[in-house]
Amino acid sequence: MDVRTRAQELYRIALDDADWSPQTVTVGHGWSDTEFADALQLLGRLSLFVPAQGNPNGWMALSPGTALRNLLLEEERHTSALLDSVQQTRSAVARVLADFQPVHARELRSVQLEVVTGGANVSAALEDVSRGVEQEILSLHPGHALPPDMIEAGLERDLLALGRGVRIRTVHLASAAAVPHMASYLRRLSAAGAQVRVAHTLPLRLIVADGSLAIVPAPRTADGELAAAMLHGDVLVGVFREIFDHCWAGAAVLADTAAVTDLAAAGADGAWEPTGRHREVLRMLAGGLTDEAMARKLGISERTVRRLVSDLTERLGAASRFQAGVCAVRLGWLDV
């Protein structure tokens, strides 16, 4: 018999005999303790039974109308408490807006964004920054080597800044630094007093000037023109400064690059371990990157990427590129 039917029977028993007891129901009517407990719980939930200390059984049976009114009153109390809570929240929101929105607005005004479009305008903006910087220029340069004329123009700006006592720290992609005119530029820049490092991967093109201005690429315009975003504000620029510091710490000093080859080096015990570009390719393989994505990040051709992947899988005895990445993880080669 279901619980609703048992609850109806228990309600009828209570109406017929106000002195009923649990024993009269379970023993007298042959109910199990579980059936009695479930029926009693349902009647209490519907407010047909309410606690009554004066009754021997501890309960009082109410009429359906009274029970319904009690349910509605309880719901009204709950709704009233909810409305009071909403009103309190509304008042708190009003106080927050009145007291703190002006403060937040002032902070937002301290962060400025300017988008410069067109190659000529971007070059002019870089020229202004180079002439106006007073303390330090930090820069990351991913991608392929720039044309010689752009490199010469950049070197002229850098030399002028160095002549004024500005500190320069720059990180270039290793593949780009191997191009003859780029290698010459970096040597001349280093000889003039700049600190130059190279890395096998870099996350983005970035310039940070005096810790208060960051210049990063912006999406090209609808006409395909070059665009750059110029960001002002200590907090936001500080984030890009941390990105630079992370890349700088993992890069190789320019003077040491001759000792860093793209082929794997022998460990202390004679076992082969990947270094340089091979290690970066392994990281990307473990991350599931495609040849195209790896080539873009490393600044090399897809053909070169495929050659590196083939070399790695052969050295690891792996059946696939994915397995090569897994093997590298298991051997601990990709541990930070």
Side-chain angles (χ1 to χ4, degrees), residues 1-113 115 203 216 218-219 222 229 231-240 242-243 286-289 322 326 329 336:
M1 189 176 295
D2 62 23
V3 65
R4 292 177 63 247
T5 303
R6 288 298 190 195
Q8 289 175 342
E9 290 188 11
L10 180 57
Y11 184 63
R12 187 180 301 108
I13 292 171
L15 292 177
D16 292 341
D17 182 11
D19 295 328
W20 67 274
S21 66
Q23 290 76 17
T24 60
V25 177
T26 56
V27 177
H29 293 78
W31 291 18
S32 68
D33 291 340
T34 301
E35 288 176 322
F36 172 76
D38 290 344
L40 186 63
Q41 184 181 29
L42 177 56
L43 291 172
R45 193 164 61 246
L46 296 175
S47 295
L48 291 167
F49 271 20
V50 294
Q53 296 181 356
N55 289 351
N57 51 53
W59 297 92
M60 176 185 295
L62 302 179
S63 68
T66 302
L68 183 59
R69 283 194 295 273
N70 288 342
L71 287 172
L72 290 175
L73 286 173
E74 180 64 26
E75 190 63 28
E76 287 177 359
R77 284 194 293 269
H78 176 72
T79 303
S80 178
L82 183 60
L83 290 175
D84 289 343
S85 177
V86 171
Q87 184 59 42
Q88 291 175 7
T89 302
R90 190 188 301 274
S91 299
V93 169
R95 289 196 300 272
V96 168
L97 290 176
D99 296 343
F100 297 98
Q101 182 66 19
V103 178
H104 183 249
R106 285 196 295 272
E107 289 298 320
L108 287 179
R109 284 196 294 271
S110 68
V111 178
Q112 301 176 2
L113 168 64
V115 178
V216 295
L231 306 164
H232 302 265
D234 294 341
V235 175
L236 187 57
V237 175
V239 173
F240 288 104
E242 291 186 7
I243 293 174
L289 269 67
F322 175 77
V326 173
V329 173
V336 177

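The structure presented is a predicted model; accordingly, all values stated were derived computationally and were not measured. We're numbering straight along the sequence, starting at 1.
- A distance of 11.0 Å separates OH in Tyr11 from CG in Asp16, rounded to the nearest 0.5 Å.
- Ile13 pairs by the side-chain contact (heavy atoms from CB on, under 4.5 Å) definition with Trp20, Val25, His29, not counting sequence neighbours.
- Side chain of Ser80 to main chain of Glu76: no donor-acceptor pair is present (N/O by atom type, distance under 3.5 Å, no hydrogens or angles).
- Legend: residues meeting side-chain contact (heavy atoms from CB on, under 4.5 Å) with Val216, ordered by chain and number and at least two apart, are Leu204, Leu206, Ala229, Leu231, Phe240.
- Put simply, CH2 on Trp59 and CZ on Phe49 are 8.0 Å apart, with the number rounded to the nearest 0.5 Å.
- The side-chain contact (heavy atoms from CB on, under 4.5 Å) check on Glu75 picks up His78, Thr79, with sequence neighbours excluded.
- Among residues at least two apart or in separate chains, side-chain hydrogen bond (donor to acceptor under 3.5 Å, both in side chains) pairs with a member in residues 60-74 are Ser63-Thr66, Thr66-Arg69, Glu74-Arg77.
- Between Leu62 atom CG and Leu68 atom CG the span is 12.0 Å, to the nearest 0.5 Å.
- Shown here are the side-chain contact (heavy atoms from CB on, under 4.5 Å) partners of Gln23, two or more places apart in sequence or in another chain: Ser21.
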Please set out all donor-acceptor pairs under 3.5 angstrom arising from side-chain atoms of residues 41-48, sequence neighbours excluded.
none

